[in-house]
Amino acid sequence: MPDTSPNVPVPGAPTSREASAQAAAADDVAGQSPTAVRTSITVPDSVPMVSLLGSADELLRLLEAELEADVHVRGNEIALTGQAADNAFAVRVFDELIALVRTGQQLRPDSVRRVVAMLRAGGSERPADVLSLDIISRRGRTIRPKTLNQKRYVDAIDENTIVFGIGPAGTGKTYLAMAKAVQALTTKQVNRIILTRPAVEAGERLGYLPGTLSEKIDPYLRPLYDALHDMVDPESIPKLMASGTIEVAPLAYMRGRAQPYDAKVLTPNGFMPIGTLQVGDLVVGSDGLPTPVLGIYPQGKKAVYRVTTQDGGSTLACGEHLWTVTTPDDRRRGTSRTLETQEMLGNLRWGAGAHRYELPLVDAVEFEPQEVPLDPYALGLLLGDGCLTTATTPSFSTTDPELVGALESVLDGIELVHKAGPDYTLRHVDGGRGGLRIANPVTEAIRELGLAGTRSATKFVPWTYTHNSAEVRLSVLQGLLDSDGGPVTQRGCTCRVQYTTTSERLRDDVMFLVRSLGGVVTTRTRVAAGRRPGLALGRPVHHRHDAHILDIRLPAGVQPFRLERKRQVYDASGGGRPMRFVHSIEPVGEMDTMCIQVGAQDSLYVTDDFVVTHNTLNDAFVILDEAQNTTAEQMKMFLTRLGFGSKIVVTGDVTQVDLPGGAQSGLKIVREILDGIDDVHFANLTSTDVVRHRLVGDIVDAYERFDATRQPAPSRPAAGAPVRTSRPRRQGS
């Protein structure tokens, strides 16, 4: 703080502020008009006078014009002559300017004017604190708020999830929001920046414009690009945009994350078409648990692609649909990225043909537990090596005594009686008690499950087992693998699991079980025609059905076998890590589409073949610019895209609406709709916050005065006349 004293310094004398207050009080008591007093300020040696007063005393002349007190400078002494209140105000101005110089800032005429304006407006914030708040710095240039309202706007962005910045052009709404977005990205508060604005000048119908998509939309997004280049190294921007770290798109293209109506989504009751979902329905998230549908948004006809994974799974999605993926570089850094379908097109391979984009896998899905009529492990064994025709007593074939004991132990009241060779009969121990024939419980269960009469090529896993708890599903899978599966080892590789069946339906059910437990499975078919026949008792046995061979990998901690000899082989090599990659993306034409918003923390949900995808924006800083040109429906769509860990800033000027046909601006009504909702803030900037040429603020004020004079004065209706209301005139359209 500079030294301030009267003209003749006296030890213990009051400060200039105290002296001014005492003088003013004395004058009031005496009933006399204030008299001119003289106050001096000693500028510390650490503050160069040229920095304070400007080159060729430019700032000094500006201060002389702005202050009521007379200002005289000699050396590092500043003398103020005027009324006590004027001197006190001038002292405050110099205090703030000296504080700004001490922060290393270079004073300019506009910063001096702002200090004076802020002090005149009053308030608790010090101008030096406002003007020295650094947001980001690049190449020696620091971006800061320049007015009190701008600082409050910046503080609101820090403190709230959704902020609306409303004010005239030139008030820094978009520029400061962009600076906060870059700051959040560099400090790793978010991992993505999304910049969008409506392209209403073309009615959001950009197809008729010549050139590529980027060439069509760039004119509407140019202000966002310009601000971005001021804050980020221009050479790194293409890389950030290619990786999806920064996305710049018109609002119409941002909303189109969609799938066709007949695309399947996994729910607690199984897969259902996405088009049948309603708000409040439950779908399965990436953690395997139910999550509610928060929003449903029809998107009309869109170009749709089939996204296929290397294990044969596939689903349909539009070009703007979002995918969370991990590249080899991401894996090394322990990160992931979110890309659109069209961003992955033509870029699916890495290095020597390896897949580039790895998809997340669903955790073990938790369907609602259900009572089952037959132990799930026993069912798996019988589906593999049992006879379920029910024309005779159910039987089981195996050469493993361990499986005989395991099956007998899980079937109450059943004993396995050896017939011949590998064949055993499942005899009911109380079947003939007291001369009565009691039905075999295994036969009853088989009939109840609809498996009676099925043979090797027609067997299946009943729905009550595939859509049951993870424990039940794993037990069924273990029974199937202990009977008809086994570990496959290769030198230097982890162990994979192989399973073979001649039933197409059972093949699909096993794939469902594996994927629902968080694993991956690929399938291939060995056709029966032309295959060398097998041998039974020395006689050739021709193949009557195609064989479906499944290669399986399960997550760590999920044991595929109970049979000890198979378990030991599997554990010796380990099962490896199941991985799923995007293998191909092929166009399939245009379809009616819709998108959903889910309540899961990562916004992921499970679609066809247990492919994990998502539709909202997590850990992102999203800026909607020129929001006055959004409709009410567009504003709702945009705000409900908010994901976890994200922040939204909406900017606009409600006096400059360009919507065609008198459409209502979503920005004009959103305050009324969201009034009182916590974590939503409305920041209002005015002509005093304009940071362009000072004339811009004067022009804004002039137009506001002109518009005010053109408002018709309300006329009083005649007695008994009906009162008519007129639609308010739309301004700025």
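For the numbers below, each heavy atom of this structure counts, side chains included, while hydrogens, waters and symmetry mates do not.
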Worksheet item: Can you tell which of Asn347, Thr327, Thr326 makes a side chain to side chain donor-acceptor pair (under 3.5 Å) with Arg356?
Response: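 Checked Asn347, Thr327, Thr326 against Arg356; only one passes side chain to side chain donor-acceptor pair (under 3.5 Å): Asn347.
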Worksheet entry | Residues, nucleotides or ligands: over 12 heavy atoms within 6.0 Å of Arg526 CZ |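 For Arg526, atom CZ is not crowded (no more than 12 foreign heavy atoms under 6.0 Å).
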Worksheet item: Does CZ belonging to Arg577 count more than 12 external heavy atoms closer than 6.0 Å?
Response: yes
Practice prompt. Keeping to residues at least two apart or across chains, list the side chain to side chain donor-acceptor pair (under 3.5 Å) pairs with something in residues 269-283.
Written response: none
Heavy-atom closest contact ([X] atom, [Y] atom, distance):
X	Y	value
Val325	Asp330	O-OD2, 4.2 Å
Val284	Pro268	CG2-N, 4.1 Å
Ala528	Arg544	CB-C, 4.2 Å
Leu381	Gly479	CD2-O, 3.4 Å
Leu554	Pro578	O-CD, 3.7 Å
Leu345	Ile585	CD2-CG2, 3.6 Å

Give, for atom [atom1] of [X] and atom [atom2] of [Y], the distance between the pair rounded to the nearest 0.5 Å.
X	Y	atom1	atom2	result
Leu624	Leu639	CG	CG	8.0 Å
Asp509	Leu383	CG	CG	9.0 Å
Ser516	Phe610	OG	CZ	5.0 Å
Leu282	Leu289	CG	CG	11.0 Å
Met579	Gln310	CE	CD	8.0 Å
Asp484	Gln498	CG	CD	11.5 Å

Any heavy-atom pair between the side chains of [Y] and [X] that's under 4.5 Å?
X	Y	result
Thr613	Thr315	no
Leu382	Asp385	no
Val521	Asp551	no
Tyr570	Thr489	no
Tyr605	Val612	no
Leu359	Val611	yes
Ile596	Leu277	yes
Phe621	Ile648	no

Taking NZ, NE, NH1 and NH2 as the nitrogens, is one of them in [X] or [Y] under 4.0 Å from a carboxylate oxygen of the other?
X	Y	answer
Lys264	Asp609	no
Asp311	Arg580	yes
Asp482	Arg562	no
Glu590	Lys302	no

Please tell me whether [X] and [Y] have a donor and an acceptor in their side chains that are separated by less than 3.5 angstrom.
X	Y	answer
Gln189	Thr187	yes
Arg473	Thr466	no
Thr525	Asp546	no
Thr593	Gln259	no
Gln559	Asp571	yes
Ser503	Thr458	no
Asn468	Gln370	no

Discussion item. Run the side chain to side chain donor-acceptor pair (under 3.5 Å) test on Glu366 and Ser469 for me, step by step, so that the C-alpha distance in whole Å, both residues' side-chain angles and the decisive distance to 0.1 Å come before the verdict.
Written reply: CA-CA 6 Å; Glu366 282 297 337; Ser469 67; 5.6 Å; no
Worksheet item: For His583, what residues pass the side-chain hydrogen bond (donor to acceptor under 3.5 Å, both in side chains) criterion, not counting sequence neighbours?
Response: Arg349, His355
Between [X] and [Y], is there a donor-acceptor pair closer than 3.5 Å when you use the side chain of the first and the backbone of the second?
X	Y	result
Ser646	Ala620	yes
Gln568	Arg565	no
Ser483	Leu480	yes
Thr341	Cys318	yes
Thr309	Gly313	yes
Lys459	Leu388	no

Fill in: Parallel, tilted or perpendicular: rings of His321 and Trp323 (30°, 60°)
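The arrangement is perpendicular - the two ring planes meet at more than 60°.
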Item to complete: Could you check whether the rings of Phe512 and Phe271 sit parallel, tilted or perpendicular, using 30° and 60° as the cut-offs?
Response: perpendicular
Practice prompt. Using the ring-ring contact (aromatic ring centres under 6.0 Å, His included) rule, collect all pairs that involve residues 488-508, keeping only residues at least two apart or in two chains.
Written response: none
Practice prompt. Take Arg197 and Glu626 through the salt bridge (Lys or Arg N to Asp or Glu O under 4.0 Å) test and state the conclusion after the steps.
Written response: CA-CA 6 Å; Arg197 68 186 304 186; Glu626 297 290 337; 3.0 Å; yes
Discussion item. Under the criterion side-chain contact (heavy atoms from CB on, under 4.5 Å), I'd like the reasoning laid out for Leu474 against Leu517: C-alpha separation, chi angles, the key distance, then a yes or no.
Written reply: CA-CA 8 Å; Leu474 178 58; Leu517 292 169; 4.1 Å; yes
Worksheet item: side chain to side chain donor-acceptor pair (under 3.5 Å) between Thr501 and Arg507: does it pass, once the steps are laid out?
Response: CA-CA 7 Å; Thr501 179; Arg507 173 201 63 190; over 6 Å; no
Worksheet item: Between Arg505 and Phe460, is NZ or CZ placed under 6.0 angstrom from the six-membered ring centre and within 45° of the ring axis?
Response: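 That pair qualifies as a cation-pi contact.
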Practice prompt. With side-chain contact (heavy atoms from CB on, under 4.5 Å) as the test, would you mind laying out the steps for Val461 and Val476 before giving the verdict?
Written response: CA-CA 8 Å; Val461 181; Val476 175; 4.1 Å; yes
